[in-house]
Protein chains: 2
Amino acid sequence: MDQNETDAPKPALTGSARAVFRQLVEGGPSTRPHIGSSLSLSRPTMSAAIAELERPQYVEMIGAVRGALGRSAAQYRVGSGAGHVIAVDAGSTHVRLRVSTLDRRLLTSRVLRLPVSQISMNEEVSRAVAAEVAAAQAAMRPSWGPLRAMGLALPTRVVGPTGDVASTRQEIVFSAFTPPPGVALVLENNVNCAAVAEQHYGAARGAQSFAYVQVGLKIGMGLVLGEQLVRGRNGAAGEIGHLSFPFAPGASPQPGEAEHYLGTEAFMARVRADWPEAAGDAPADTAELLAIAGSGHVEALRHVARHALDIGAVIATCVSVVDPGLVVLGGGLGASPLLLPGVAEAANRLSYPVEIRNTLLGADATVLGIERLAIEAAMAVLLGDEA
Amino acid sequence: MDQNETDAPKPALTGSARAVFRQLVEGGPSTRPHIGSSLSLSRPTMSAAIAELERPQYVEMIGAVRGALGRSAAQYRVGSGAGHVIAVDAGSTHVRLRVSTLDRRLLTSRVLRLPVSQISMNEEVSRAVAAEVAAAQAAMRPSWGPLRAMGLALPTRVVGPTGDVASTRQEIVFSAFTPPPGVALVLENNVNCAAVAEQHYGAARGAQSFAYVQVGLKIGMGLVLGEQLVRGRNGAAGEIGHLSFPFAPGASPQPGEAEHYLGTEAFMARVRADWPEAAGDAPADTAELLAIAGSGHVEALRHVARHALDIGAVIATCVSVVDPGLVVLGGGLGASPLLLPGVAEAANRLSYPVEIRNTLLGADATVLGIERLAIEAAMAVLLGDEA
DNA sequence: TTTGTTAGTTAGGCTGCCTAACACAAAAAG
DNA sequence: CTTTTTGTGTTAGGCAGCCTAACTAACAAA
């Protein structure tokens with residue numbers, strides 16, 4: 001795994017070179033003096049670092065930038081030697097794939113709509129992933145450099161190799177798909193991925209802690225506390241669909257009932273059951289419900305408000321446990337601004353102050369998140385785990 | 001605050017010296033070769049580090065240890081120049097105080113039983129804290145070195161200076177007590193302190209993540225995820241007494257009701273209401289209830305089991321949110337091994353696998369935790385914040 | 001007393017950063 | 001056109017903080 005013939009034999013970079021590389025990966029192309037000042041490195045140190053990074057083509061010069069005065073500054077970006085990553089969102093309705101450089105320049109992307117909505121991970125999805133990855137690899141060009149890492153976002157709980165892998169369905173992705181050998185592989189839950197994406201590129205940018213709550217077919221949460229994604233011992237952190245319900249004196253709570261009560265299915269069933277004949281045909285799905293609610297339909301608005309209150313109550317529960325200060329709503333229902341005020345009102349009334357925001361990334365959140373995690377894995381490979 | 005006449009003027013230690021100092025603070029007295037090998041420092045580097053640390057008396061030699069063969073090794077410990085810390089647990093029934101060196105050698109300790117159980121922070125407690133601290137400072141001896149930090153564990157929510165201080169009652173401690181000027185001051189919630197103590201010295205030693213759940217007069221949780229204490233934006237992480245309740249279809253949840261339902265008061269009220277005449281007088285308090293349950297009283301056992309189930313349900317909620325993998329039970333009721341099996345059964349049935357353990361530290365947990373936090377603050381002062 | 005083993009010091013080297021001073025490029029001033 | 005000004009990049013040399021190698025010191029067993 002380590003002595004691949006295309007790999008440079010462990011460059012063992014100096015600290016400043018690593019810092020410069022990280023800066024280019026995270027901040028995108030930049031000039032030498034700019035990087036130097038932002039990392040407070042002296043010009044000689046910058047020279048040495050750049051020279052070190054240019055040898056294995058980890059970085060490359062892409063031109064010169066003229067300021068108002070004085071000599072123009074050389075601009076650099078991550079080079080082909082740094083390689084690329086493949087990120088796959090193996091979702092229940094789509095398979096989304098992105099191939100990108102470590103500084104997130106998109107090399108290819110693919111979206112496959114699955115023939116039937118697969119409620120959970122199964123072999124059908126695995127085959128789709130295999131096909132998409134094969135297609136992406138066939139399109140690979142030498143200028144992309146070596147494949148450094150591959151990330152897979154799964155709609156299942158994900159546990160590390162030390163955990164109880166058997167109890168999750170995470171292994172099913174590999175029933176028809178074999179990941180490229182000798183490449184770092186990252187598995188992560190799709191909601192956690194979306195949280196990571198919102199953290200770095202979306203509605204939670206700059207927040208130290210927050211919760212991403214996905215409200216759609218199922219309900220789930222991704223938790224970031226102190227800039228760290230919280231996974232949990234069983235990969236179950238944020239599995240708020242698994243909350244037991246009801247929780248009241250005398251009632252006997254059932255595990256996992258929250259999902260059944262708060263998921264789209266049950267919600268729409270309640271809407272249909274409670275839809276007055278006078279109001280016309282009940283909406284067929286949540287999209288339609290949201291559409292007519294958005295145009296002022298009172299009956300629809302009432303149901304949306306009621307659901308917002310339920311979601312708000314669940315969020316209040318999470319706030320009382322971890323007090324994240326910020327919640328980003330995503331998913332089919334959560335992305336709608338119609339839900340937001342009701343959720344915010346209920347959550348704040350029932351618990352401690354929380355700001356509630358809508359997602360900024362929508363359906364792309366998951367791929368972008370797993371891409372980020374794959375890039376982090378690639379960096380660990382290139383720079384050698386520490387920090 | 002920085003140029004106190006008793007303070008050494010910023011020694012600016014080298015990295016290895018800091019590592020050695022930290023090792024002595026955390027691991028207690030040790031020999032030079034032992035520290036060197038455990039930090040993988042060469043003998044010359046060790047020499048330099050020790051010399052550096054002996055100058056300001058941060059460490060001192062306390063003897064020589066003879067191995068089976070060869071020259072004896074010099075043994076060192078944290079010296080008087082490192083100073084000491086004061087840790088105070090301003091609890092609702094007791095004020096507990098510890099004065100200790102940075103390597104946790106106890107210099108004095110005091111325990112004051114408050115005349116009446118103060119349900120919350122008030123001026124009475126503040127006066128008691130002032131008196132105890134004054135007594136401790138009067139007993140101070142020159143060999144203790146300078147006071148480096150002081151920690152205060154409070155039975156309130158605690159927020160940092162950036163937070164909304166007014167909404168907590170944390171400022172009330174200072175109504176009759178003025179902390180020593182120019183000394184780092186650490187405030188922390190008492191349950192969080194207990195969690196920190198269990199993390200380092202108690203039932204959660206070695207666990208990366210866990211929740212400490214205090215079950216007593218009130219119910220609260222301290223959360224440690226990835227070895228980091230989770231405080232929350234409003235200092236409200238772990239405020240599970242504030243969970244809204246009931247949570248069921250049609251019911252309207254009330255904020256903070258969980259505390260009323262799960263606290264000792266309400267619990268004992270239910271016990272009394274449901275106590276059959278044939279079973280004799282109902283127990284007066286939880287201690288008595290636990291005592292007769294422990295000796296096999298079926299009626300008492302039934303109530304304990306019922307309460308264990310309720311606690312287990314709350315823990316299951318927490319597990320579905322953060323999945324800590326381990327829960328340590330503490331507090332008046334939680335410390336009892338009678339509760340444990342019922343809690344473990346319910347929590348595991350309703351959520352994901354969690355190990356449940358009893359506290360190992362009991363009533364001392366909180367002081368030990370705030371002591372630890374004060375020591376960490378003192379280290380930050382001595383070594384200059386980083387890492 | 002000798003020998004073997006471990007503890008600690010001294011001498012000297014290497015790495016990774018720094019500052020100072022100089023060479024280079026490009027616009028502005030003469 | 002030079003010349004000046006200003007910012008970019010390189011070369012030379014220094015210093016902190018670690019290392020290895022080799023020596024001295026202390027102690028037990030032969």
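Every chain is numbered from 1, with letters handed out A, B, ... down the list of sequences. As the structure is a computational prediction, the values presented were derived from the model and not from experiment.
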- Take atom CG of A:L39 and atom P of C:dG16, then tell me their distance rounded to the nearest Å. 17 Å

- Task: Measure from CD1 on B:I35 to P on C:dG8 and round the result to the nearest Å.
- Result: 10 Å

- Would you check if there is a donor-acceptor pair between the side chains of A:E371 and A:S100 at a distance under 3.5 Å? yes

- Which residues pass the side chain to side chain contact (heavy atoms under 4.5 Å, CB included) test with A:R233, sequence neighbours left out? B:D323

- For each nucleotide in nucleotides 20-30 of chain D, reading 5' to 3', give B when a protein heavy atom comes within less than 4.0 Å of its base, S when such contact involves only the sugar-phosphate, and - otherwise. BB---BBBS--

- Query: A:A82: what forms a side chain to side chain contact (heavy atoms under 4.5 Å, CB included) with it, not counting sequence neighbours?
  - Reply: A:F21, A:V78, A:L102, A:L382

- Query: Rounded to the Å, how far apart are B:Q75 CD and C:dG8 C1'?
  - Reply: 17 Å

- Task: Report the distance from atom CG of B:L13 to atom C1' of D:dC18, rounded to the nearest whole Å.
- Result: 16 Å

- Item | Results of salt bridge (charged side-chain N to carboxylate O under 4.0 Å, His left out) for B:R32 - residues two or more places apart only | none

- Message: From CZ of B:R18 over to C1' of D:dC18, roughly how many Å is that when rounded to an integer?
- Response: 15 Å

- Considering residues at least two apart in sequence or located in another chain, which fulfil the salt bridge (charged side-chain N to carboxylate O under 4.0 Å, His left out) criterion with B:R71? none

- Message: Rounded to whole Å, please give me the gap between CD in B:E52 and C1' in D:dC18.
- Response: 12 Å

- Taking the six-membered ring of B:Y201, is the NZ or CZ of B:R104 close enough (under 6.0 Å from the centre) and on axis enough (within 45°)? yes

- Between B:E54 (CD) and C:dG8 (C1'), how many Å, whole number? 13 Å

- Query: To the side chain of A:L41, which of D:dT8, C:dC18, C:dA7 is closest?
  - Reply: C:dC18

- Not counting sequence neighbours, which residues clear salt bridge (charged side-chain N to carboxylate O under 4.0 Å, His left out) with B:E188? List them please. B:R231

- Item | Short side-chain N/O contact to D:dA16 OP1/OP2 from B:T14, under 4.0 Å | no

- Under 4.0 Å between any heavy atoms, over every strand shown, what does B:A48 touch: base, sugar-phosphate, or nothing? Just pick one. nothing

- Item | Rounded distance (Å) that lies between atom P of C:dA7 and atom CD1 of B:I50 | 14 Å

- Check every strand shown and say whether A:S16 touches a base, only sugar-phosphate, or nothing at a heavy-atom separation below 4.0 Å. sugar-phosphate

